Protein chains: 2
Amino acid sequence: MRIREVASRSGLAPSAVRYYEQLGLLPEPPRTEAGYRVYPDVAIDRLGFIRAAQAVGLTLAEVRQVLGVRDAGEPPCRVVTDLIQRRHAEVRTKIVELRRLERDLAAVRARAATLNPRDCDPSGICHVIPSVASVRARAVGRKEVPDV
Amino acid sequence: MRIREVASRSGLAPSAVRYYEQLGLLPEPPRTEAGYRVYPDVAIDRLGFIRAAQAVGLTLAEVRQVLGVRDAGEPPCRVVTDLIQRRHAEVRTKIVELRRLERDLAAVRARAATLNPRDCDPSGICHVIPSVASVRARAVGRKEVPDV
DNA sequence: CTTGACATTCAAGCGTACTTGAAGGTCTAG
DNA sequence: CTAGACCTTCAAGTACGCTTGAATGTCAAG
């Protein structure tokens, strides 16, 4: 299998596969005489694992940890358990933060809905945005969702 | 007021204030003879607004939009309402995604807890990670939370 | 023999919001 | 007079996971 096939079978771009190899997530495959990479079937499984790990929010560095342990011949159960637990905590924290933010945004919208733009104070910028208490105290990130 | 004061009163680093000026969020202040920036009190309000807008998740580009309208002499109500509404939808979507992810992570942990590492299949990498249905279908981002 | 789809490497770019570093100037207190 | 706390500009670095571009090579089909 050459790179295009292994990539598309895994839902990746060839460039991503090369990138993973560069990061040490994927072992260097044998080459044809012309220098083309030729992958064994098992590469599909490995890429599948990488995708699944990313899908639960592990970074590529973390995935590398897991693969490193596995490649060393040991079961990575312990590492995986730790990483998943940490990630779980992160996600729960983030949900709490986003819920608060959601509440704030709803409050801002409600406030905006009661106001007439004609009454807008031209000496400020927009009093409706800084109007909610918790907005003044914290913030939550953006960042969209990578597809798998 | 020089840059250090305006920055610390706004909870920012001086470099951030210069950066905002560079992006056009903050008008160029007058200078002392030595070239030091000297800010009027109203700069504090403007920086406060920027922080509040960021706290609800608006990007600096979006903040610039709002400030641009305001600086053009118009009330930015319409722009603000639109941006907030969009942002609100994003946040709600993200909460849904994170909730699903949280559920998956809990499932992965539960599954891991029932297994003995001795039974780990050495031919795979770690079957526990790709074990959850929705993990195979989608992913949710990481990205931590900027403090305000 | 040519076209076109594929492959290679390497460096650089993207987005976001900044920070850091280098090299230097200014100002106040002791 | 000097230390040190502050200011200036400009370019480059950070995180993260890739993609893109340039320059080039390979290979099968028509």
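Not measured: the values here are computed from a predicted model. Below, each value reflects all heavy atoms present in this structure, side chains not excepted, and no hydrogens, waters or symmetry copies. Here is how names work: the chains are called A, B, and so on, in the same order as the sequence lines, proteins then strands, and each is numbered from 1.
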- request: Would you indicate what A/A61 reaches in the nucleic acid, counting non-hydrogen atoms under 4.0 angstrom: base, sugar-phosphate, or nothing?
  value: nothing

message: Just N and O in the side chain of B/R4: are any of them under 4.0 Å from OP1 or OP2 of D/dC7?
response: yes

query: Should A/Q22 be listed as having a side-chain N or O under 4.0 Å from OP1 or OP2 of C/dT8?
result: no

- request: Please tell me if the side chains of B/V38 and B/P29 come closer than 4.5 Å, counting only heavy atoms from C-beta onward.
  value: no

Upstream residue (5' side of DNA chain D) when B/E21 and A/E33 are each assigned their closest nucleotide: B/E21

task: Measure from CG on B/L26 to P on C/dC18 and round the result to the nearest Å.
output: 13 Å

message: Any salt bridge linking A/R99 with A/D104? Criterion: basic side-chain nitrogen under 4.0 Å from a carboxylate oxygen.
response: no

- prompt: What closest approach, in Å, do A/I3 and A/P14 show between heavy atoms, and which atom pair accounts for it?
  reply: CD1-O, 3.6 Å

- prompt: Between atom OH in A/Y36 and atom C1' in D/dT26, what is the gap in whole Å?
  reply: 3 Å

message: Using side-chain heavy atoms (C-beta onward) and a distance below 4.5 Å, is B/V63 in contact with B/L23?
response: no

field: Distance in angstrom units between B/M1 CE and D/dC7 P, rounded
entry: 12 Å

task: Give B/R18 one of three labels, base, sugar-phosphate or nothing, depending on what nucleic acid heavy atoms sit under 4.0 Å from its own.
output: base

- prompt: Below 3.5 Å, does any donor atom in the side chain of A/Y20 face an acceptor in the base of D/dG17, or the other way round?
  reply: no

message: Would you say A/Y36 ends up clustered with A/L47 if hydrophobic residues are merged whenever their side chains have heavy atoms under 4.5 Å apart, either directly or through other cluster members?
response: no

- prompt: Does B/R2 or B/L60 map to a spot on DNA chain C nearer the 5' end, using the closest nucleotide for each?
  reply: B/L60

message: Between C1' on D/dC16 and CD on A/E90, what's the gap in Å once rounded to a whole number?
response: 14 Å

- prompt: For B/I3 and D/dC6, what is the distance between atoms CD1 and C1' respectively, to the nearest whole Å?
  reply: 11 Å

query: Is any side-chain N or O of A/R37 closer than 4.0 Å to OP1 or OP2 of C/dT9?
result: yes

Whole-Å distance separating the CD atom of A/E5 from the C1' atom of C/dC6: 13 Å

statement: Rounded to whole Å, the OH-C1' distance (B/Y39 to D/dC6) equals 14 Å

- prompt: On DNA chain D, nearest-nucleotide positions of A/A16 versus A/T32: which is more 5'?
  reply: A/A16

query: Within the pair B/R31 and C/dG25, is there a side-chain N or O less than 4.0 Å away from OP1 or OP2?
result: no

task: Please work out if A/T59 contacts a base, only the sugar-phosphate, or nothing of the nucleic acid, heavy-atom cut-off 4.0 Å.
output: sugar-phosphate

query: Looking across every strand, which nucleic acid part, if any, lies under 4.0 Å from B/L23 by heavy atom: base, sugar-phosphate, or nothing?
result: nothing

field: Length of the CG-P vector between B/L25 and C/dA17, whole Å
entry: 10 Å

